[in-house]
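Structure first, commentary second.
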Amino acid sequence: MSLHLRLRPFILPLLLLALWQIAAMAYAQTSRMPVPGDVLTMGWTLVSSGELPLALLQSLKRVLLGFACAASLALVVGTAMAAFEPIGRNLDPIVESFRPIAPIALLPLAILWFGTGTPAAAFIVGYAAFFPMLVNTIHGVRSIDQGVIRAARTLGVSRFTILRTVVLPGALPNLFVGARLALGVAWTSIIAAELAVGAKAGGGGSGGIGQMMFVFYAYSVDLSGIIVCMIGVGLVALIIDRGVRALEFWMLPWKR
Amino acid sequence: METLEKMTPKICLGGITKEYIAPRTGQRTLAIADVSLDVFQGEFLCIVGPSGCGKSTILNMIAGLARPSRGELVMDGKPIRDPGAERGVVFQDYALFPWKTVRENIEFGPRYRTAGPLSASERDRIVRHYIDLVSLTGAENKYPHELSGGMRQRCAFARALANEPEVLLMDEPFAALDAQTRLILQEELLRIWGEELPRAARKTVVFITHGIDEAVYLADRVAVMSNNPGHIKTIMTVDLPRPRRESLRATAEFQKLADAIWQLIRHEAYEATIDRH
Ligand SMILES: Nc1ncnc2c1ncn2[C@@H]1O[C@H](COP(=O)(O)OP(=O)(O)OP(=O)(O)O)[C@@H](O)[C@H]1O
Ligand SMILES: [Mg+2]
């Protein structure tokens, strides 16, 4: 690839950044307008002090914990719902009535049940991640070609083994779609959860990236800090999505 | 063929009726009515008949994938209720596992079957044997979507064979192939089936086809089916010498048999065509 092509994806962001800097300088002194230069220095301070990586790591831990629990549960429930008609028929109304409830609406419950630490945040994340994973699991298992299941049965393979060797690999592309969507909503909800949990717990300690944002918002009223947090979250989420895609590429060689 | 009649049948269909009931409308379709058929050890039986006369229905019931509404279905004295490794099936659309390579597809039965799965080394030997047998050497690590139609067909065939079934059920396996590939695979099928072997060592084959020539070329007996409701009209014995060669198709006996079958089904074949348009 030539240098020109390699740089192309960066041209537009750099241009926007320059515009931002110019606009900020033009409307200086209002302090509600963050300036790229300030954001940069703030970013450097937060990274070198280790505060930002620590906060991101804390949030990442919660996201992965919530996601792992939600995904395993969704996998089992979704497969059961899709593979066994009566289970699907009976659980569907329950699932569909919980699905529209925003994860944030569960915050009061989460805080009352789990306090203001990792369990509460992971619970919110798990709740948010559960539904995209469930819906895609159901869809994936249902859309498996009945022909290959019949073929496996005529080879003398038991139903349980078929579930493991035919149904799961067959549903895997959809499971990956579900996982990527679930991780996406997990990140959006961890910020909200930590903002709120942080508000309740007050400042101090590593309450994750959301709490860090809350501290910048409520105590030091520092817009640059908030922007740095946003960029940090964006980068981590991007890295995770790329990781999942790489895993997908590796695990689905027949889809290449 | 008198010898056949004296033997006890390998598979026995006794007065089978199959009625499908549509789940939502409750509409009933009488697919086949009162079909009785004996299939003998080592025999190559072809079933021909117009579209929709219930050929696949019969095959699926022998496979254990569907149950008859009435009548009994017995193999080696035991009723058939479920699919089993002793009855291998080659499906019309091949039904290969898209996420498995040729090798993994073929190895599936010996690896995961409930009854006597094989160790890795035994599997390796069997898989290699059948890959060579169906001439897929070199394509072991390809995925089904990377194969030609004929190669997929052979892979499906090898997958069924590698499980070493006693009975091989084939539902129009060559229908989607071009004429040349079909002729080649017909010859290969006879070789793999064990045309040169004594009857007791051969597999028992039930083979559905639309091709009358194909049926006469392959079969020991041809069951001719008829419509409304599906039933077996006649069973013709094909007393042509084995091993069979391409040149056989041009002989007068071959043509006579093919023509006799055509006369039996042409009327209904026309009707089926008219119904469709
Ligand atoms: N699952 C099903 N539900 C309802 N009716 C069915 C079902 N399967 C088959 N039938 C009906 O049973 C009859 C026989 O079908 P079958 O598939 O056995 O025919 P066939 O002889 O194999 O036809 P073809 O040569 O076109 O493959 C048809 O009238 C068909 O509509
Ligand atoms: Mg059919």
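A note on names: the letters A, B, ... follow the listed sequences, proteins ahead of strands, and every chain is numbered from 1. Everything quoted here is computed from the prediction, not taken from an experiment.
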pair Phe108(B)-Leu155(A): side-chain heavy atoms closer than 4.5 Å: yes
Quick check: are there more than 12 heavy atoms from other residues, nucleotides or ligands sitting under 6.0 Å from CZ of Arg81(B)? no
Using every non-hydrogen atom in the two residues, find where Pro253(A) and Tyr143(B) come nearest and quote the distance to one decimal. CG-OH, 3.0 Å
Looking only at Pro165(B), Pro117(B), Ala95(B), Ala63(B), most heavy-atom pairs under 4.5 Å shared with chain A are made by Ala95(B)
With only heavy atoms counted, which part of Arg159(B) is less than 4.5 Å from chain A, the side chain, the backbone, both or neither? both
Given the rule in the side-chain contact (heavy atoms from CB on, under 4.5 Å) test, do Val166(A) and Phe97(B) qualify, once you have shown the distances and angles that lead to the verdict? CA-CA 8 Å; Val166(A) 179; Phe97(B) 306 116; 3.9 Å; yes
Is the count of non-hydrogen atoms from other residues, nucleotides or ligands lying under 6.0 Å from Glu72(B) atom CD greater than 12? no
Heavy-atom cut-off 4.5 Å, strictly under: side chain, backbone, both or neither for Pro173(A) against chain B? neither
Can a donor-acceptor pair be found, under 3.5 Å and without considering hydrogens, that links the side chain of Thr154(A) to the backbone of Gly84(B)? no
Proximal component of Phe91(B), with respect to chain A [non-hydrogen, under 4.5 Å]: side chain
Nearest 0.5 Å please: distance from the NZ atom of Lys255(A) over to the CH2 atom of Trp99(B). 10.0 Å
Less than 4.5 Å to any heavy atom of chain A: does that hold for the side chain of Leu169(B), its backbone, both, or neither? neither
Atom of Trp254(A), atom of His145(B) and distance for their closest heavy-atom approach: O-CE1, 3.1 Å
Is it true that atom OH of Tyr20(B) has more than 12 heavy atoms of other residues, nucleotides or ligands lying nearer than 6.0 Å? yes
Can you tell me how far CZ of Arg159(A) sits from CG of Asp82(B), rounded to the nearest 0.5 angstrom? 7.5 Å
So with a 6.0 Å cut-off around CD of Gln27(B), is the heavy-atom count from everything else above 12? no
Please round to the nearest 0.5 Å and tell me the distance separating atom CG of Asn60(B) and atom CZ of Arg150(A). 4.5 Å
Toward chain A, the part of Asp93(B) with a non-hydrogen atom under 4.5 Å: neither
For Arg70(B), is the CZ atom crowded, meaning more than 12 foreign heavy atoms sit under 6.0 Å from it? no
Is it true that atom NZ of Lys10(B) has more than 12 heavy atoms of other residues, nucleotides or ligands lying nearer than 6.0 Å? yes
Under a 4.5 Å heavy-atom cut-off, does chain B meet the side chain of Thr165(A), its backbone, both or neither? both
Please flag which part of Lys100(B) lies under 4.5 Å from any non-hydrogen atom of chain A: side chain, backbone, both or neither. side chain
